[in-house]
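A quick write-up on the structure given underneath.
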Amino acid sequence: MRERERGPAREIETEHYEAQQGHQGCVVWLTGLSAAGKSTIATHVARRLFEEGSHVYVLDGDSLRQGLTRDLGFSPTAREENIRRAGEVAKLFRRAGFIVLAAFVSPYRKDRDFVRSILDDGHFIEGYVSADLDTCIGRDPKGLYKKALQGAIPEFTGVSAPYEPPLAPEIVLDTTAQSVDQSVHAVIDLLDARGIRKARARG
Ligand code: ADP
């Protein structure tokens with residue numbers, strides 16, 4: 001058919017993606033101190049959903065800072081902009097029906113609340129990945145606390161910059177008390193309770 005005979009293309013709405021994919025889109029936003037376990041949990045949940053055939057994507061603070069937000073530092077205003085951009089990207093994925101696992105320290109409550117405000121009700125799940133500072137320092141998988149405690153990294157959350165825990169997160173994942181597997185199950189159970197996961201995968 002020639003172009004002018006085809007008529008306007010119908011926009012692909014979120015519901016269309018969701019119907020094709022067999023699950024809803026949503027953003028699971030994991031916040032917490034560095035080394036609390038955000039990326040570990042996000043990766044495991046994503047792998048599990050991926051293997052069920054779901055459309056998932058992990059958005060990670062570290063990887064975004066290598067590209068989209070590489071111009072930003074760690075001052076409160078730079079962090080605000082970092083989370084604003086990350087939130088907008090998450091929103092686009094969610095619109096395409098993806099289940100987004102977002103792992104960001106996101107230390108400021110108002111920045112996380114902004115992301116909540118741009119996503120529909122019920123499609124933003126704030127997960128507080130909690131571990132006390134001593135545990136995080138003990139884990140220190142990237143050696144960042146060691147450097148921060150020596151003063152080599154300024155404005156490091158938990159050491160020389162504040163962290164504001166969520167007041168009413170949808171889920172708390174205390175990684176000092178529960179295993180990675182338990183946290184993964186807790187997230188999956190919540191997705192099931194919200195009717196987000198593929199119906200045939202729910203068990
Ligand atoms: P974040 O993304 O919050 O900075 P990471 O997931 O990169 O944290 O690192 C957390 C580290 O803690 C990993 O090396 C992980 O294996 C370890 N860890 C130990 N116990 C747990 C647990 N129960 N839950 C999550 N991570 C854990």
Side-chain angles (χ1 to χ4, degrees), residues 26-51 56-70 72-76 78-80 82-87 89-90 93 98-109 111-112 115-116 124-150 152-167 169-191:
C26 84
V27 176
V28 180
W29 188 276
L30 301 177
T31 171
L33 293 175
S34 180
K38 304 177 295 298
S39 299
T40 302
I41 295 167
T43 308
H44 279 81
V45 172
R47 168 55 63 179
R48 167 100 183 258
L49 296 171
F50 177 79
E51 283 171 1
V56 284
Y57 198 71
V58 177
L59 278 179
D60 189 284
D62 291 343
S63 54
L64 248 67
R65 279 189 179 275
Q66 287 169 21
L68 183 66
T69 64
R70 74 173 165 211
L72 301 173
F74 292 87
S75 69
R79 286 178 190 262
E80 178 184 358
N82 183 49
I83 297 309
R84 187 190 71 76
R85 288 185 207 172
V89 173
F93 273 93
F98 276 71
I99 299 172
V100 181
L101 284 308
F104 291 86
V105 175
S106 47
Y108 296 115
R109 222 169 266 143
D111 298 344
R112 297 190 302 265
V115 181
R116 182 184 289 278
F124 177 80
I125 293 172
E126 187 175 17
Y128 175 30
V129 181
S130 99
D132 58 88
L133 185 61
D134 284 345
T135 301
C136 294
I137 291 172
R139 290 179 182 163
D140 206 11
K142 296 170 207 142
L144 295 175
Y145 282 103
K146 188 167 179 235
K147 286 190 196 155
L149 289 164
Q150 290 166 346
I153 308 176
E155 301 185 279
F156 195 79
T157 302
V159 176
S160 45
Y163 179 77
E164 299 172 356
L167 297 177
E170 276 74 7
I171 189 168
V172 177
L173 304 162
D174 178 354
T175 65
T176 61
Q178 62 193 49
S179 67
V180 175
D181 260 11
Q182 286 172 320
S183 294
V184 170
H185 278 117
V187 173
I188 301 271
D189 285 350
L190 183 57
L191 294 176

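Every number for a ligand or one of its atoms is a count from 1 in the order of the listing.
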| With distance as the sole test, does Asp140 use its side chain to make a donor-acceptor pair with the main-chain N or O of Tyr145 at under 3.5 Å? |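 At least one qualifying donor-acceptor pair exists.
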
| query | Is there a donor-acceptor pair under 3.5 Å between the side chain of Glu126 and the backbone N or O of Trp29? | reply |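 Here the side-chain-to-backbone pair does not exist.
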
| Polar atom proximity, Ala35 to ligand 1 (N or O, under 3.5 Å) |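 There is such a contact, yes.
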
| query | Is there a nitrogen or oxygen of Ser179 sitting under 3.5 Å from a nitrogen or oxygen of ligand 1? | reply |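 The answer is no, given that Ser179 and ligand 1 share no N or O pair closer than 3.5 Å.
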
Would you mind checking which non-hydrogen protein atom is closest to [atom], with the distance to 0.1 Å?
{"atom": "atom 13 (C) of ligand 1", "value": "Thr40 OG1, 3.6 Å"}
{"atom": "atom 23 (N) of ligand 1", "value": "Gln178 O, 2.8 Å"}
{"atom": "atom 3 (O) of ligand 1", "value": "Lys38 NZ, 2.6 Å"}
{"atom": "atom 14 (O) of ligand 1", "value": "Pro141 CB, 4.0 Å"}

| Of all the atoms in ligand 1, which lie at a distance below 4.0 Å from a heavy atom belonging to Ala36? |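 Selected atoms, number and element: 3 (O), 8 (O).
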
| For Leu33, atoms of ligand 1 separated by under 4.0 Å from a heavy atom |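 It comes down to these atoms of ligand 1: 3 (O).
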
| field | CA sep, side-chain torsions, deciding dist, call: Val58, Val45, side-chain contact (heavy atoms from CB on, under 4.5 Å) | value | CA-CA 9 Å; Val58 177; Val45 172; over 6 Å; no

| N-O pairing of Lys142 and Asp62 below 4.0 Å |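 Judged by the 4.0 Å cut-off on N to carboxylate O distance, Lys142 and Asp62 do form a salt bridge.
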
| query | Between Arg85 and Glu80, is there a salt bridge with N-O shorter than 4.0 Å? | reply |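 Looking at Glu80 and Arg85, the cut-off is not met.
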
| said: Looking at Phe74, I'd like to know if the NZ or CZ of Arg65 sits under 6.0 Å from its six-membered ring centre while staying within 45 degrees of the ring's axis. | reply: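 Geometry flag: set, cation within 6.0 Å and 45°.
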
Can a side-chain donor-acceptor contact be found between [Y] and [X] if the only test is distance below 3.5 angstrom?
{"X": "Arg79", "Y": "Ser106", "value": "no"}
{"X": "Thr176", "Y": "Asp174", "value": "yes"}
{"X": "Ser160", "Y": "Glu155", "value": "no"}

Does some non-hydrogen atom of [X] fall short of 4.0 Å from ligand 1?
{"X": "Ser34", "value": "yes"}
{"X": "Val180", "value": "yes"}
{"X": "Leu30", "value": "no"}

| query | Between Arg139 and ligand 1, which part of the residue brings a heavy atom under 4.0 Å of the ligand: side chain, backbone, both or neither? | reply |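 It is the side chain that gets close, since no backbone atom is under 4.0 Å.
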
| query | Which option, Ala42, Gly37, Ala177, owns the non-hydrogen atom nearest atom 26 (N) of ligand 1? | reply |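 The residue whose heavy atom sits nearest atom 26 (N) of ligand 1 is Gly37.
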
